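The structure presented is a predicted model; accordingly, all values stated were derived computationally and were not measured. Reminder, nothing fancy here: chain letters follow the sequence lines and each chain counts from 1.
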Number of protein chains: 2
Amino acid sequence: MSSYSPGETAEKSGFSIDTLRYYEKIGLLPGIARNASGRRVFSDGDLQWLGMLRCLRETGMPIAEMLRYSELARGGDETVRERLALLQDHDQRVEEQIARLREQQAQIQWKIRLYSGEICGEPAAAGAVGEGLPA
Amino acid sequence: MSSYSPGETAEKSGFSIDTLRYYEKIGLLPGIARNASGRRVFSDGDLQWLGMLRCLRETGMPIAEMLRYSELARGGDETVRERLALLQDHDQRVEEQIARLREQQAQIQWKIRLYSGEICGEPAAAGAVGEGLPA
DNA sequence: ATTTCACCTGGAGTGCGCTCCAGGTCAACG
DNA sequence: CGTTGACCTGGAGCGCACTCCAGGTGAAAT
């Protein structure tokens, strides 16, 4: 087992068939094989690459940058340093993203505590969960 | 000090003036005051509310849901339970988001280690940082 | 043999969240 | 008094990342 139809690939990769076609069209999936009747045939390697794309995409990397990465990947071993740098930058951004989310989550949880009345026992509290909204 | 021009508000809130207008237009900023000549005047409360919106927005809440939240907030104290539920749901999603990011970051870091040669000492490793990309 | 089915193509359309624009108003400054 | 500058409005436009569509093909099932 090492080659997959578009349908299988969509299922396994989590991308829709349309997205797979789109990715191939813009150059994110270079060298996808075709069978005799012109249909795409995906390999295990393709699936692995799709996994990487998925990971980058879901961590917020824009397509333009994934494109750069995939061009580098096509470029062979001389581009390893650049690829490394790109990934390290991205890793950094993911780190910051997580940190920001944590702070914002804290703010939301503070609000939740406020709403659920776990904070301060003043009678006013029930009626004045200040939203900063005018009456 | 408790009232701000659109410009100041944009600066303090981090939203552009255009976005502030847009938010008012769609109902996310109900009851923004106007001065004699029709210009918007923002209060401290408005700024606080904008802070909340910012937090929700940046944690990935879609505008439609923020809209629901702000309608609830306008609805007074009877909606506190619903608002609480909404925020708890969102908090949950943020939690999951962070968890997913962590996993994906781990994958990226694994790749980084691979690229930086910290993994396995085989000579082949240098030339075969398998991308799953065909030659 | 014909119907079904998964797939193909190029290109148009969609949804979201803004962002920009033209044309106008008003208060303040020199 | 003229000009700046910040703001106003309604509505059009944009960038991103898909997603959908019409019309067609080729292999397989009935």
Rounded distance in Å - [atom1] ([X]) to [atom2] ([N]):
X	N	atom1	atom2	answer
A/E24	C/dC8	CD	P	8 Å
A/R34	C/dC7	CZ	P	12 Å
B/I63	C/dG15	CD1	C1'	12 Å
B/R39	C/dT25	CZ	C1'	8 Å
A/D18	C/dG10	CG	P	14 Å
B/Y22	D/dC14	OH	P	17 Å
B/K25	C/dC18	NZ	P	13 Å
A/R21	C/dG11	CZ	C1'	13 Å

Practice task
Evaluate the criterion side chain to side chain contact (heavy atoms under 4.5 Å, CB included) for residue pair B/T59 and B/D91; output intermediate values, then yes/no.
Solution key: CA-CA 9 Å; B/T59 48; B/D91 178 51; over 6 Å; no
Fill in the blank from the handout: Residue pair A/S37/A/M66 against DNA chain D: nearer the 5' end by closest nucleotide is A/M66
Can you find a side-chain donor-acceptor pair between [X] and [Y] that sits under 3.5 Å?
X	Y	value
A/S16	A/D18	no
B/R102	B/Q105	yes
B/Y4	B/D44	yes

Problem - Phosphate OP1/OP2 of C/dC7: any A/S5 side-chain N/O under 4.0 Å - result: yes
Practice task
Answer yes or no: does a side-chain N or O of B/T19 lie under 4.0 Å from OP1 or OP2 of C/dT19?
Solution key: yes
Fill in the blank from the handout: Contacts of A/I17 and B/F15 projected onto DNA chain C by closest heavy atom; the upstream (5') one is A/I17
Practice task
Take atom CZ of A/R93 as the centre, draw a 6.0 Å sphere, and report whether it contains more than 12 heavy atoms from other residues, nucleotides or ligands.
Solution key: yes
Exercise for the section: Indicate, with a heavy-atom threshold strictly under 4.0 Å, whether B/Y23 touches base, sugar-phosphate, or nothing. Expected result: sugar-phosphate
Exercise for the section: Classify the nucleic acid contact of A/R40 as base, sugar-phosphate or nothing, counting any heavy atom under 4.0 Å across all strands shown. Expected result: sugar-phosphate
Exercise for the section: Measure distances between side-chain N and O atoms of A/R57 and base N and O atoms of D/dA17, and say whether any donor-acceptor pair falls under 3.5 Å. Expected result: no
